[in-house]
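First comes the structure, then the notes that go with it.
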Amino acid sequence: MLLLVCLALATADINRAVKKPKNNQKFSFVLMFSDDTGYGDPSCFGNPTVPTPELDRMAAEGLKLTQFYVAAPICSSSRSALMTGRIPVRNGVWSQKSTKFTTFTTDATGGLPQDEVSIGTALKQQGYRTMALGKWHLGQMAKYLPPSHGFDEYFGIPYCHNQCPCPTNSENFLECYNPPGVNVPTLPCPLVNGTTVIQQPVNLTDLTTRYITKASDFISVPDKQPFFLYMAFQHTHAWNFAGPRFWNTSIRGKYGDALSEMDWAIGSIMDTLRDKGDDNNIFALWTSDNGAAWPHRYEHAGSTGLLRCGKGTVFEGGVRVPAIAWWSGMQKERQGSIYTTVLSTLDIFPTFVHMASLNNLNGLLMTDVFLDGRDVSSLFLNGSNPPSKPLFWYAGDFLIAVRFKSYKIIYGMQGWGESWVLFPECGPENLTKVDPPLIYQVEHDPSERFPLNNTSEEYQQVLAMTTAAITQHNKTLVMKTPELDRVEDPSTSLCCHSDPNPGPPWKQCVCGQSEQLFGNV
């Protein structure tokens with residue numbers, strides 16, 4: 001009951017402070033989540049070579065969030081935290097067998113546990129229409145797909161497109177790049193509607209357009225029922241792709257083409273929201289699942305800007321991501337503001353649940369579930385800073401880093417991909433504990449170049465403060481069975497062929513006019 005009391009008190013504070021939606025309507029939400037987009041990729045975050053006019057406009061009308069974090073530096077675990085407001089070791093999407101950050105495969109038998117409450121489930125219980133579009137990557141079996149986690153509709157690829165072979169007849173619009181030493185997959189990417197494969201391999205060159213059409217139709221339903229749209233882009237994960245409108249248009253190369261197409265798509269969604277009306281009841285947020293896949297994917301990946309390293313590491317470039325919040329009722333004087341408050345994807349679940357129930361607390365979920373995030377709606381809606389709360393990152397079951405107040409504490413280092421060879425400062429190949437830990441004042445030193453002297457008074461004070469926070473954290477921590485350690489089973493792979501177990505090399509997994517689109521795969 002403790003959480004319910006906290007929810008009630010926080011909601012009372014919000015009711016006193018914010019400009020409520022007109023006509024007593026609930027907020028509707030659009031959550032846009034890109035893939036491997038780095039802190040330095042949008043032009044409003046400093047990119048000098050790829051214009052992102054739509055993200056720039058969203059930031060000019062909304063709020064730019066410059067200290068926004070993800071709960072894990074890689075796809076599946078990061079997405080599980082976004083969906084649940086709980087760190088991966090708590091929600092089950094983690095690995096105990098390996099400290100290396102990993103994701104669900106195309107034949108995984110694990111996924112986001114069904115007893116975890118997602119944003120979709122929580123908002124659907126509050127009477128929302130719900131839709132998920134795009135990359136899911138929380139298990140490809142039907143029991144783990146979005147319809148099993150509170151979404152009325154799902155349309156997308158249930159994992160990353162680089163886990164599939166690059167179609168051979170689309171070289172004009174596809175990069176077809178895999179890092180050296182990576183095995184080329186053989187199962188064609190499925191496009192799933194609900195839980196049914198409708199096209200295989202998916203036509204990536206028109207996929208973004210199809211997503212935007214679905215999103216626009218969903219948002220534009222002419223009724224007053226509140227809605228939640230989760231738009232998870234395939235962009236900007238390598239290998240890069242784009243439709244003919246954007247291919248070969250950017251001086252940044254193929255990555256720039258993909259980023260430009262995603263920016264256009266975000267603008268299309270935002271235009272639909274602007275056309276929806278001015279009832280002060282639509283809230284949108286865009287961010288990325290982790291930092292850019294640099295340096296592992298070379299020029300095929302994005303930029304982390306001034307931040308150290310990238311995806312797969314817990315340095316700032318791996319876990320600090322660009323983020324923009326937008327509200328249709330945003331006060332004019334706050335539009336274009338920059339907020340340096342430490343926030344994370346863990347905060348989205350409790351924030352949306354609070355905003356959805358401003359006028360009705362009855363029936364709220366989560367009375368006996370611990371959330372790692374906190375409600376930050378007061379910041380979004382009226383600029384009031386929430387209390388500080390530490391962030392914890394794990395590699396396997398090892399606590400590898402903590403962000404607390406102005407400081408980042410590093411207890412271990414581990415590279416990702418080939419980064420440990422090319423850039424040793426990103427960490428060694430295998431997890432190496434750091435004792436005494438490294439401490440950075442990341443508001444002074446966001447590039448994590450100058451650790452505090454471990455004999456200084458400041459270092460000792462921060463270490464003591466963090467140790468106390470870890471002690472409190474451990475009192476609530478129950479690590480869930482690691483879903484990423486479950487055995488792989490090719491019979492669970494998504495194939496539109498009628499044979500329940502067609503098996504490799506998967507040549508029969510072709511449907512939905514893919515034969516004409518791609519030829520051989």
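Note that this is a predicted model, so its numbers are computed, not measured.
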What pair of heavy atoms forms the shortest contact from [X] to [Y], and how long is it?
X	Y	answer
S260	V50	OG-CG1, 3.9 Å
I410	Y440	CG1-CE1, 4.1 Å
S456	N453	OG-O, 2.8 Å
S288	F33	O-CE1, 3.4 Å
D36	C75	OD1-SG, 4.5 Å
A325	L65	CB-CD1, 4.3 Å

**OP:** Take S80 and N91 through the side chain to side chain donor-acceptor pair (under 3.5 Å) test and state the conclusion after the steps.
**Re:** CA-CA 7 Å; S80 72; N91 69 43; 3.0 Å; yes
Pairwise side-chain contact, [X] with [Y], heavy-atom cut-off 4.5 Å (strictly under):
X	Y	result
K26	Y128	yes
L112	T84	yes
I324	C44	yes
L259	D41	yes
Y230	R79	yes
R486	E483	yes
H137	Q163	yes
R320	V442	yes

Take M32 and M262 through the test side-chain contact (heavy atoms from CB on, under 4.5 Å) and record every step on the way to the result.
CA-CA 10 Å; M32 294 175 282; M262 184 183 73; over 6 Å; no
- Message: If you take the centroid of each ring, where Trp contributes its six-membered ring, are F151 and F228 closer together than 6.0 Å?
- Response: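 Yes, they do, as the ring centres are separated by less than 6.0 Å.
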*Given side-chain contact (heavy atoms from CB on, under 4.5 Å), test Y394 with W94 step by step and report yes or no.*
CA-CA 9 Å; Y394 284 82; W94 67 291; over 6 Å; no
Test side-chain contact (heavy atoms from CB on, under 4.5 Å) on F104 and V93 and set out the steps. CA-CA 9 Å; F104 288 116; V93 182; 3.6 Å; yes
Give a yes or no on whether the backbone of [Y] and the side-chain of [X] come within a donor-acceptor separation of less than 3.5 Å.
X	Y	value
T121	V117	no
Y411	P436	no
R403	K405	yes
K100	Q414	no
Q67	L343	no
D372	I87	yes
S43	T52	yes
R308	F315	no
R334	L381	yes
S77	I74	no

Intermediate values then yes/no, side-chain contact (heavy atoms from CB on, under 4.5 Å), L371 and R86: CA-CA 5 Å; L371 294 179; R86 290 153 55 81; 4.1 Å; yes
Check: [X]/[Y] side-chain N/O donor and acceptor closer than 3.5 Å:
X	Y	result
E458	Y407	yes
T340	T66	no
N47	T49	yes
N382	S378	no

Residues R57, D271: salt bridge by 4.0 Å N-O rule: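 Here R57 pairs with D271 in a salt bridge, since their nearest N and O are under 4.0 Å apart.
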query = Hey, is K311 close enough to D289 for a salt bridge, meaning N to O under 4.0 Å?
reply =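 Judged by the 4.0 Å cut-off on N to carboxylate O distance, K311 and D289 do not form a salt bridge.
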To the nearest 0.5 angstrom, please state how far the [atom1] atom of [X] sits from the [atom2] atom of [Y].
X	Y	atom1	atom2	answer
L31	W286	CG	CH2	12.0 Å
D347	S377	CG	OG	10.5 Å
H300	H237	NE2	NE2	13.5 Å
L273	I219	CG	CD1	4.5 Å
M58	L63	CE	CG	9.5 Å
E261	S250	CD	OG	12.5 Å

### Message
Just to verify, which of W327, Y339, F283 counts as forming a ring-ring contact (aromatic ring centres under 6.0 Å, His included) with F380?
### Response
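For F380, the ring-ring contact (aromatic ring centres under 6.0 Å, His included) test succeeds with only one of W327, Y339, F283, which is F283.
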Note to self: Assess the residue pair D485 and S95 against the criterion (side chain to side chain donor-acceptor pair (under 3.5 Å)); give the C-alpha distance rounded to whole Å, side-chain angles, the decisive distance to 0.1 Å, and a yes or no.
What the structure shows: CA-CA 6 Å; D485 289 343; S95 172; 2.6 Å; yes
**Prompt:** Is the distance between the SG atoms of C309 and C426 less than 2.5 Å?
**Reply:**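 Their SG atoms fall under 2.5 Å; a disulfide, then.
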*cation_pi(K64, F45) dist<6.0 Å, angle<=45*: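 Because its charged atom sits under 6.0 Å from the ring centre and within 45° of the axis, K64 does stack over F45.
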Salt bridge (charged side-chain N to carboxylate O under 4.0 Å, His left out) evaluation trace for R449 with E316: CA-CA 11 Å; R449 296 298 182 191; E316 292 291 276; over 6 Å; no
Are there more than 12 heavy atoms of other residues, nucleotides or ligands under 6.0 Å from atom CD of E333?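 More than 12 within 6.0 Å, yes.
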